[in-house]
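What follows is a short report on a single structure.
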There are 2 protein chains.
Amino acid sequence: MATLKDVAALAKVHPSTVSRVLRSVENVPITEETRKRVIAAAKSLDYQPDQRARALRLGKSNTIGLIIPDISNPFFAEIAKSIEQESYDSGYTLVVCASNEDQEKEIDFVHNLISRGIDGLIIAPVQDSYEHLVDLKKRNYPFVLVDRCFDEFETNAVVSDNEAAAFEAMEYLKDLGHKRIGFLSGRSTIYTIRKRRQGYQKAVDLFGLDKDDALVSAGGFTFEEGYSETLKMLSLAHPPTALLIAGNRITFGALKAFVEKGLTIPDDISIIGFTDSIV
Amino acid sequence: MATLKDVAALAKVHPSTVSRVLRSVENVPITEETRKRVIAAAKSLDYQPDQRARALRLGKSNTIGLIIPDISNPFFAEIAKSIEQESYDSGYTLVVCASNEDQEKEIDFVHNLISRGIDGLIIAPVQDSYEHLVDLKKRNYPFVLVDRCFDEFETNAVVSDNEAAAFEAMEYLKDLGHKRIGFLSGRSTIYTIRKRRQGYQKAVDLFGLDKDDALVSAGGFTFEEGYSETLKMLSLAHPPTALLIAGNRITFGALKAFVEKGLTIPDDISIIGFTDSIV
DNA sequence: CTTTCCAATACAATCGATTGCAGCAAATAT
DNA sequence: ATATTTGCTGCAATCGATTGTATTGGAAAG
């Protein structure tokens with residue numbers, strides 16, 4: 001890799017001059033002839049400024065970090081894609097890290113990314129703890145949460161109104177005539193899940209629907225868990241006639257259970273799932 | 001952020017001593033008392049070495065870059081996830097970039113990542129051109145291709161035997177009694193697609209199956225294209241009785257077409273798709 | 001012919017961490 | 001008592017780019 005020094009040597013000027021020519025800004029006057037010589041030299045050496053050196057000197061890296069719990073989940077992958085596109089268009093490079101729903105790893109990534117001189121951070125937190133985020137806030141480090149935030153800790157965040165969404169979905173199912181609606185949950189420590197469940201409960205109460213703990217599953221986000229929890233619910237003495245499902249993978253698991261039980265949608269059972277994804 | 005200097009000041013030693021204590025390696029002896037003082041100072045300041053400074057000095061960043069065409073495609077997301085996990089376990093940070101099947105962007109990323117002092121590069125190339133990769137190879141820059149490689153240009157690469165896979169799939173369909181098998185392709189400039197098509201053709205020839213250009217679609221990788229190409233093929237005078245499908249999203253598009261046409265698998269039509277993904 | 005001034009470029013410090021070498025003290029050898 | 005070794009730590013250069021502050025050369029002014 002050619003450095004400023006190499007270009008300077010070739011153009012027979014001082015490195016600082018090369019820098020000034022190449023950044024071109026500033027009100028420092030440069031002879032047209034020098035400028036041409038420098039540009040030619042830079043081109044002939046295929047000079048690319050060393051970003052880590054720039055970042056070190058400037059205290060700015062034009063890079064932002066994104067930490068998501070699971071890159072292989074289309075929901076987060078889609079988020080990553082959008083952020084990446086927007087970053088790229090704004091001249092930023094995005095560093096995507098996958099915490100894999102592991103709190104330790106997330107904390108690791110936060111430290112690691114900061115020490116790399118990242119300009120800002122976007123996090124979909126694991127939500128097993130948040131001291132590291134409190135710390136970020138205290139240090140005035142720019143970061144934004146996405147998809148998940150904390151009730152007890154105020155931050156900038158981009159989230160959906162999960163409670164209202166769940167409530168609306170329930171209302172729709174109620175209007176279809178359903179009285180006994182199951183709720184397939186995900187990890188209940190997570191913001192989105194808690195809110196969706198609140199919406200579900202609110203609807204159950206308000207609409208006078210069947211209130212039964214057996215109609216609310218616990219569990220995680222996986223396909224397998226969705227499958228087994230659905231089977232469990234379908235084999236109840238009074239199975240639900242509709243399901244509200246709090247995650248895309250869980251939904252696919254439920255579908256598998258339906259197929260296995262020979263149930264058809266919407267004839268035998270109705271479902272509404274969160275986080276739609278075709279593929 | 002605390003720097004080496006800050007820690008040194010607090011511990012009343014020279015920065016170099018702090019560095020030596022913290023790296024601990026080297027055969028330089030350090031008094032136990034000094035060591036303790038330094039470690040205490042580092043802890044109390046929550047010192048984290050600046051990775052960009054280290055990278056600059058050491059010429060090594062412990063970071064590798066991954067460029068994939070589409071992060072929202074579960075196939076690539078899954079690849080990214082595995083590589084990320086493996087990198088993390090080996091003490092490397094992975095930078096994931098999405099070229100979005102845009103050759104210019106890929107080239108941009110290659111330059112950008114290199115100038116960031118990335119230690120190595122993993123690329124699933126767009127395959128519209130490869131001069132930039134030739135350049136990398138010439139400069140002896142460590143990189144590996146994944147999923148896609150070039151017939152005309154030798155590199156390290158991790159790829160599947162797409163031709164054999166397509167052939168095997170065709171053999172299976174033939175054994176089921178199918179004589180008229182369609183091939184839903186993706187962008188034909190791409191390695192995987194070309195190979196799969198070769199396997200398809202080889203099977204058609206070898207098994208004496210129906211040879212008909214109308215049975216081979218062109219097109220891209222999208223859900224929509226899969227849908228429309230399938231509809232087109234189903235409305236042929238002699239529609240295929242089975243389909244070999246070269247991509248996961250295309251497959252989902254085909255499924256939509258089947259549903260719409262009221263076709264059931266495997267009663268009305270058989271399919272085998274590449275790149276399985278549940279969700 | 002000297003002084004002043006300005007345009008154009010060079011110098012040097014800086015960002016933070018690392019490392020070969022120098023230096024200083026105490027301990028051992030002569 | 002002096003010379004030599006050894007153990008520990010400080011000094012300073014370095015990585016590559018940036019930028020405030022010289023410095024240079026030549027032209028204009030006196």
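Note that the coordinates shown come from a computational prediction; the quantities given were computed from them, not determined experimentally.
Among pairs with a residue in residues 142-154 of chain A, those fulfilling side chain to side chain donor-acceptor pair (under 3.5 Å) read A/Glu101-A/Arg148, A/Asp151-A/Arg194, at least two apart in sequence or across chains. Pairs engaging residues 102-112 of chain A under the salt bridge (Lys or Arg N to Asp or Glu O under 4.0 Å) rule: A/Lys105-B/Glu84 [sequence neighbours left out]. Residue pairs meeting the side chain to side chain donor-acceptor pair (under 3.5 Å) criterion with at least one partner in residues 36-45 of chain B, sequence neighbours excluded, are B/Glu33-B/Arg37.
Every residue meeting the ring pair (Phe, Tyr, Trp, His ring centres under 6.0 Å) condition with A/Phe153, not counting sequence neighbours, appears here in chain and number order: A/Tyr130. In this structure B/Phe221 satisfies the ring pair (Phe, Tyr, Trp, His ring centres under 6.0 Å) test with no other residue, sequence neighbours excluded.
Here the C1' atom of nucleotide C/dA17 and the CZ atom of A/Arg52 are 13 Å apart, to the nearest Å. Distance, B/Leu56 CG to C/dT19 P: 13 Å, rounded to whole Å. Summarising the geometry, the separation between CG on B/Leu58 and C1' on C/dT19 is reported as 10 Å, rounded to the nearest angstrom. Atom pair A/Leu4:CG and D/dT14:C1' shows a separation of 16 Å (rounding to whole Å applied). Residue A/Asp50 contributes atom CG, which lies 6 Å from atom C1' of D/dG16 at whole-angstrom precision. The NZ atom of B/Lys60 sits 24 Å away from the P atom of D/dT14 (whole-angstrom rounding).
When the side-chain nitrogen and oxygen atoms of A/Lys5 are compared with OP1 and OP2 of D/dC15, one or more of them lie within a distance under 4.0 Å. OP1 and OP2 of D/dG16 both lie 4.0 Å or more from every side-chain N or O belonging to A/Tyr47.
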So which protein N/O to nucleotides 6-10 of chain C N/O distances come out below 3.5 Å?
unit_1, atom_1, unit_2, atom_2, d
C/dA8, O3', A/Thr31, OG1, 2.8
C/dT9, OP1, A/Thr31, OG1, 3.2
C/dT9, OP1, A/Thr34, OG1, 2.2
C/dT9, OP2, A/Thr31, N, 3.0
C/dT9, OP2, A/Thr31, OG1, 3.2
C/dA10, OP2, A/His14, N, 2.7
C/dA10, OP2, A/Thr17, OG1, 2.8
C/dA10, N6, A/Arg20, NH2, 2.7

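Annotation: B/Glu86, atom CD; neighbour count of heavy atoms from other residues, nucleotides and ligands within 6.0 Å does not exceed 12.
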